[in-house]
Student: 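Please find one structure pasted underneath; my questions will follow.
When reading the values below, keep in mind they use all heavy atoms of this one structure, side chains included, and skip hydrogens, waters and symmetry mates. All values derive from a computational prediction rather than experimental measurement.
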Amino acid sequence: MSRVVVIAGATSGIGRATARAFAERGDRAARATQTLAEVRAECPDVDVLTVPTDVTEPGALEALAGAATHRFGRIDVWVHTAAVMAYGRFDELPERVFDQVVRTDLLAAAGSARVALRHFRATGAGTLILTGSVLGHITAPYMSAYVASKWGLQGLVRTLQQELRDSPRIRLCLVNPGSVDTPVYQQAANYLGRVGRPPPPVTSPQRVARAIVDCVDRPRREVSVGRLNVVLRAGFTMLPGVYDVLVGPLMRLAGLSGRPVDAHDGTVFAPNPLGEAVRGGHLPDLRQLARGVPGPVGGVLRRRLS
């Protein structure tokens, strides 16, 4: 049976890849999105409702839930992937930018959880999937607003999971990616003077999307996506002095490009439809390359990468 899935943040990156992944399963979807025509065209074989939604606006998420239930009669799964990012030393980052990142990455996620859980409490069942980050367990310089938001989200999710112990049919999962090939780094606000990039190893948004979809069938409290996540968390916890000495130079070497950039707000306050895509161009698109491989080998590659 197809599920009704709400995705808040389906315009770009992980959210957009997740929309495609659910569509490939045949699930019906309501999406909080600005890039209406493109997202709908990418999911031609399922019933799709696209709802322009600013997740930071009061009442917007309630309206999204209302539109979904009006169209489909219920909500089975709610996924929140909306996020923005800002680079800069904490004391040099404008207060309004810091506050808006926290508003989008933490408070809007809390808003999604509030709306989804009220609906699931009323119906008795449902799956809520929030997207955190390895930066909810560790820290990195020049990303204070994003790190603070993800640490806050980690604490919120743990608290909600404790509160849901009396509702075994309501599941809350947190998916924590490491570096992912999405446009969020180029789209980030920047008051540091150098364009950001995901430090290696970088994973694909499709891999994160598969982890999100898998949580519907096999709900888990927390899922980590990234080869070095465990290593980073261990170093942060067990060798804090060493970690703090190394993280600054490594961030400047691997997490920032050499491209200079003037100070700007990126997409923190307003979307940039021209910059919205699944991938950010930090990895080769293996799925696209596999389409050019003929014969049985190409078929195997396409199946393994789908």
Side-chain angles (χ1 to χ4, degrees), residues 13-14 81-95 97-106 109 130-157 174-205 207-208 222-261 263-268 280-283:
I14 293 170
T81 65
V84 293
M85 191 180 288
Y87 290 97
R89 295 181 184 274
F90 172 72
D91 55 313
E92 296 174 353
L93 192 68
E95 182 179 347
V97 174
F98 183 97
D99 290 355
Q100 185 67 9
V101 172
V102 174
R103 189 173 294 116
T104 303
D105 294 0
L106 175 57
L130 301 178
T131 308
S133 169
V134 68
L135 289 174
H137 289 286
I138 65 173
T139 58
Y142 318 126
M143 303 180 70
S144 56
Y146 188 81
V147 170
S149 299
K150 295 304 182 180
W151 275 71
L153 183 62
Q154 191 76 31
L156 174 65
V157 167
L174 180 65
V175 176
N176 285 329
S179 294
V180 185
D181 179 24
T182 76
V184 70
Y185 306 91
Q186 300 99 307
Q187 303 270 55
N190 198 304
Y191 287 83
L192 197 59
R194 292 170 58 185
V195 176
R197 63 186 178 189
V202 182
T203 194
S204 71
R207 183 182 172 196
V208 184
E222 184 175 336
V223 179
S224 178
V225 184
R227 285 176 287 171
L228 282 187
N229 288 10
V230 174
V231 175
L232 292 170
R233 289 177 60 176
F236 181 84
T237 303
M238 295 187 291
L239 298 169
V242 175
Y243 181 95
D244 287 352
V245 167
L246 294 178
V247 69
L250 288 174
M251 179 65 182
R252 291 188 289 272
L253 176 67
L256 299 172
S257 73
R259 287 190 293 145
V261 62
H264 65 89
D265 290 346
T267 58
V268 168
H282 306 285
L283 281 177

Student: Can you see which heavy atom on Ser144 is nearest to which on Phe98, and at what distance?
Tutor: OG-CE1, 3.7 Å
Student: Given side-chain contact (heavy atoms from CB on, under 4.5 Å), test Val175 with Val225 step by step and report yes or no.
Tutor: CA-CA 7 Å; Val175 176; Val225 184; 4.1 Å; yes
Student: Give a yes or no on whether the backbone of Pro200 and the side-chain of Ser179 come within a donor-acceptor separation of less than 3.5 Å.
Tutor: no
Student: Could you pull out the closest heavy-atom pair between Val208 and Pro177, with the gap in Å?
Tutor: CG1-CG, 3.9 Å
Student: Would you find a donor on one side and an acceptor on the other, under 3.5 Å apart, between the side chain of Asn190 and the backbone of Arg194?
Tutor: yes
Student: Working to the nearest 0.5 angstrom, can you tell me the gap between Leu106 CG and Trp151 CH2?
Tutor: 14.0 Å
Student: For Gly248 and Pro141, which heavy atoms make the closest approach, and how far apart are they?
Tutor: CA-CG, 4.0 Å
Student: Which value, rounded to the nearest 0.5 Å, describes the distance between Glu222 atom CD and His137 atom NE2?
Tutor: 3.5 Å
Student: Closest approach of Asp105 and Ala83, non-hydrogen atoms and distance?
Tutor: OD1-CA, 3.1 Å
Student: Closest approach of Ala86 and Val101, non-hydrogen atoms and distance?
Tutor: CB-CG2, 3.9 Å
Student: Keeping the roles fixed (side chain from Thr81, backbone from Thr131), state whether a donor-acceptor pair exists under 3.5 Å.
Tutor: no
Student: Side-chain polar contacts of residues 250-261 - donor-acceptor pairs under 3.5 angstrom, sequence neighbours left out - could you list them?
Tutor:
from, atom 1, to, atom 2, distance (Å)
Arg252, NH1, Tyr142, OH, 2.8
Ser257, OG, Val195, O, 2.9
Ser257, OG, Arg259, N, 3.2

Student: Measuring from His282:NE2 to Ser204:OG, what's the distance to the nearest 0.5 Å?
Tutor: 13.0 Å
Student: Verify the distance criterion only: is there a donor paired with an acceptor across the side chains of Asp265 and Tyr191 at less than 3.5 Å?
Tutor: yes
Student: Rounded to the nearest 0.5 Å, how far does CD of Gln187 lie from NE2 of His264?
Tutor: 9.5 Å
Student: Give, for atom OH of Tyr87 and atom OH of Tyr146, the distance between the pair rounded to the nearest 0.5 Å.
Tutor: 9.5 Å
Student: Working to the nearest 0.5 Å, report the span between CE of Met85 and CG of Leu135.
Tutor: 7.5 Å
Student: Under a 3.5 Å distance rule, please check whether Gln154 uses its side chain to pair with a backbone N or O of Gly132 as donor and acceptor.
Tutor: no
Student: Give me the atom names and distance for the closest heavy-atom approach of Leu130 to Leu153.
Tutor: CD1-CD1, 4.0 Å
